[in-house]
Amino acid sequence: MTTHAPQAAQAVTLPGTLDEAVAALTAMPAAVPVAGGTDLMTAVNSGQLRPAALVGLGRISEIRGWQYQDGHALLGAGLTHARMGRPDFAALIPALAAAARAAGPPHIRNAGTLGGNIATAAPTGDALPVLAALEATLIVAGPGGARREVPVSHLLAGVEMLRAGELIGYVRVPLLHAPQVFLKATGRTGPGRALASVALVLDPARRGVRCAVGAIAPMPLRPLEAEQWVTQLIDWDNGRAIVPEALTAFGEYVAAACIPDAPEAEDGSVPQLPPAVLHLRRTVAALARRALGRALS
């Protein structure tokens with residue numbers, strides 16, 4: 001999302017459909033798509049970005065809602081955090097609604113969008129660990145009406161990137177009809193950027209636990225071994241019961257997987273992690289423990 005133009009935006013296009021937006025981006029390769037603009041305007045105001053043209057997505061009504069499709073919710077990329085935080089959406093995907101409500105102050109939640117959160121891919125994006133834990137898939141719109149599917153985790157990891165002229169149109173999320181939790185720790189009281197976050201979802205149909213840790217790495221981290229370990233300790237046939245000690249052990253397992261010990265030195269000793277890193281690991285452990293406890297309660 002960079003251009004070679006040293007001046008401010010010279011042209012603004014306001015398409016009415018997703019395919020019109022793709023056509024505009026294809027015709028103007030230097031153009032930058034903008035929805036809520038919460039991250040874009042920060043970059044512009046700081047002098048990091050000088051787009052030659054903008055393609056505004058605010059008039060594309062088809063991506064501002066959601067629909068049901070084969071046991072999934074098809075979420076429009078233009079859904080705002082404020083809209084996702086409402087009770088009707090929370091009944092559908094609780095963890096994503098909780099992340100949306102924690103995304104920042106009202107003016108950010110009213111403007112910021114789901115697709116923008118994904119495309120920006122900031123490590124502190126609150127929706128990202130939730131989408132990773134849900135194993136969501138993106139529906140990407142391309143030139144000529146083309147559509148292709150990309151796992152969210154692939155895009156965030158750089159395994160698959162958006163091509164020229166492509167836009168994120170929708171996000172497909174499985175409807176699990178089971179407890180989901182999103183928790184985050186910030187450096188201050190109230191909404192703010194996450195120091196660490198944890199999303200945890202239960203999948204009763206497959207008798208699984210899926211967990212993702214955000215904000216501590218460039219992309220959400222999935223502690224797969226910890227997920228598999230704790231899945232075996234849950235009594236799925238008896239109210240999803242688990243012994244309290246397993247909650248603590250799960251938190252520590254997740255934290256150690258995401259923030260491992262320092263490598264062994266040449267003399268065989270293991271260096272101590274810096275205090276700030278140890279504090280972060282304890283924070284992740286506490287979040288993972290509480291998230292699992294709430295999901296199973």
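All of these numbers come straight from a predicted model, not from anything done at the bench.
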Answer yes or no: is there an ion pair linking Asp237 with Arg207, defined by an N-O contact shorter than 4.0 Å?
yes
Closest non-hydrogen contact found for Pro271 with Ala262 is O-CB, 3.6 Å
After noting the C-alpha distance and the side-chain angles of Leu195 and Thr283, does the key distance pass the side chain to side chain contact (heavy atoms under 4.5 Å, CB included) rule?
CA-CA 9 Å; Leu195 299 176; Thr283 299; 5.9 Å; no
Could you pull out all residues at least two apart from Glu160 that satisfy salt bridge (Lys or Arg N to Asp or Glu O under 4.0 Å)?
Arg148
Non-hydrogen side-chain atoms of Arg172 and Glu149 separated by less than 4.5 Å:
yes
Return the OG1 to CG distance between Thr248 and Leu292, rounded to the nearest 0.5 Å.
10.0 Å
Can you find a pair of side-chain heavy atoms, one from Thr13 and one from Leu54, that are under 4.5 Å apart?
no
Check: Asn238 side chain, Ala241 main-chain N or O, donor-acceptor pair, under 3.5 Å:
no
Between Leu202 and Leu296, is any pair of side-chain heavy atoms under 4.5 Å apart?
yes
For the CZ atom of Phe89 and the NE2 atom of His81, what is their distance to the nearest 0.5 Å?
11.5 Å
Should Leu287 and Leu128 be counted in the same cluster of Ile, Leu, Val, Met, Phe, Trp and Tyr side chains packed under 4.5 Å apart?
no
For residues Leu175 and Tyr68, determine if any side-chain heavy atom of one lies less than 4.5 Å from a side-chain heavy atom of the other.
yes
Using modelled atom types and a 3.5 Å cut-off, is there a donor and acceptor pairing between side-chain atoms of Ser269 and backbone atoms of Ala265?
no
Is any side-chain N of the basic residue among Glu166 and Arg147 closer than 4.0 Å to the acidic one's carboxylate O?
no
Return the minimal non-hydrogen interatomic distance between Ala132 and Pro220, and the atom names on each side.
CB-CB, 3.9 Å
Please say whether more than 12 non-hydrogen atoms of neighbouring residues, nucleotides or ligands are located less than 6.0 Å from CD in Gln69.
yes
Honestly curious: do Trp236 and Leu247 fall in one hydrophobic cluster under the side-chain, below-4.5 Å linking rule?
yes
Please examine the side chains of Asn110 and Thr80, heavy atoms only from C-beta on, and report whether any two atoms are closer than 4.5 Å.
no
Residues passing the salt bridge (Lys or Arg N to Asp or Glu O under 4.0 Å) test with Asp203, sequence neighbours excluded, are Arg206, Arg210
Do you know the tightest heavy-atom contact between Ala255 and Val284?
CA-CG1, 3.9 Å
Here the pair of heavy atoms bringing Ile259 nearest to Arg281 is O-NH1, 2.8 Å
Please determine whether a side-chain nitrogen of the Lys or Arg among Asp88 and Arg83 lies less than 4.0 Å from a carboxylate oxygen of the Asp or Glu.
yes
Polar contact flag, side-chain donor to acceptor under 3.5 angstrom, Thr124-Arg193
yes
Report the C-alpha separation of Trp66 and Val173 in whole Å, then their side-chain angles, then the decisive distance to 0.1 Å, and conclude whether the side chain to side chain contact (heavy atoms under 4.5 Å, CB included) test is met.
CA-CA 11 Å; Trp66 69 82; Val173 177; over 6 Å; no
For the pair His72 (side chain) and Asp70 (backbone), establish whether a donor and an acceptor sit closer than 3.5 Å, ignoring hydrogens and angles.
yes
Is it true that a side-chain atom of Arg101 and a backbone atom of Gly85 form a donor plus acceptor pair closer than 3.5 Å?
yes
To check you understand the geometry: which heavy-atom pair defines the closest contact between Cys211 and Pro223, and what is its length?
O-CD, 3.4 Å
Apart from Leu167 itself, what residues make up its hydrophobic cluster when side-chain heavy atoms of I, L, V, M, F, W and Y under 4.5 Å apart count as a link, directly or indirectly?
Leu18, Val22, Leu25, Met28, Val55, Leu57, Ile60, Ile63, Leu74, Ile139, Tyr170
For Gly125, does its backbone N or O pair with a side-chain atom of Asn117 as donor and acceptor, under 3.5 Å?
no
Tell me, do Leu79 and Thr113 make a side-chain contact under 4.5 Å, heavy atoms counted?
no
Dump the intermediate steps for salt bridge (charged side-chain N to carboxylate O under 4.0 Å, His left out) on Arg222 and Glu135, then the final yes or no.
CA-CA 10 Å; Arg222 285 281 303 277; Glu135 297 181 345; 3.3 Å; yes
Assess the residue pair Arg289 and Leu183 against the criterion (side chain to side chain contact (heavy atoms under 4.5 Å, CB included)); give the C-alpha distance rounded to whole Å, side-chain angles, the decisive distance to 0.1 Å, and a yes or no.
CA-CA 11 Å; Arg289 181 187 73 245; Leu183 298 173; over 6 Å; no
Nearest-0.5 Å distance, CD1 of residue Ile168 to CD1 of residue Ile118
5.0 Å
Do Val198 and Leu176 sit in the same hydrophobic cluster, where Ile, Leu, Val, Met, Phe, Trp and Tyr count as joined when their side-chain heavy atoms come under 4.5 Å apart?
no
May I ask you to check whether Thr17 and Asp19 show a side-chain donor-acceptor distance below 3.5 Å?
no
At their closest point, which heavy atom of Met84 faces which heavy atom of Ala97, and how far apart are they?
O-CB, 3.2 Å
Interatomic distance, Ile234 atom CD1 to Ile242 atom CD1 [nearest 0.5 angstrom]
5.0 Å
What I'd like to find out is whether the side chain of Gln180 reaches to under 4.5 Å of the side chain of Ile93, using heavy atoms alone.
yes
Backbone of Gly104 reached by a side-chain donor or acceptor of Arg109 within 3.5 Å
yes
Spell out, yes or no, whether Leu92 and Val152 are grouped together once hydrophobic residues are joined by side-chain heavy atoms under 4.5 Å, including indirect joins.
yes
Do Val213 and Leu224 belong together in a cluster built from hydrophobic side chains that touch within less than 4.5 Å?
no
Measure the CZ-CD distance between Arg64 and Glu62 for me, rounded to the nearest 0.5 Å.
12.0 Å
State the CZ-OG distance between Arg290 and Ser297, to the nearest 0.5 angstrom.
14.0 Å
Could you walk me through whether Thr186 and Lys184 satisfy the side chain to side chain contact (heavy atoms under 4.5 Å, CB included) test, starting with their C-alpha distance in whole Å, then the side-chain angles of each, then the deciding distance to 0.1 Å, before giving a yes or no?
CA-CA 7 Å; Thr186 65; Lys184 81 174 185 179; 3.6 Å; yes
With the side chain counted from C-beta on, respond yes when Thr137 and Val171 share a heavy-atom pair under 4.5 Å apart, and no when they do not.
no
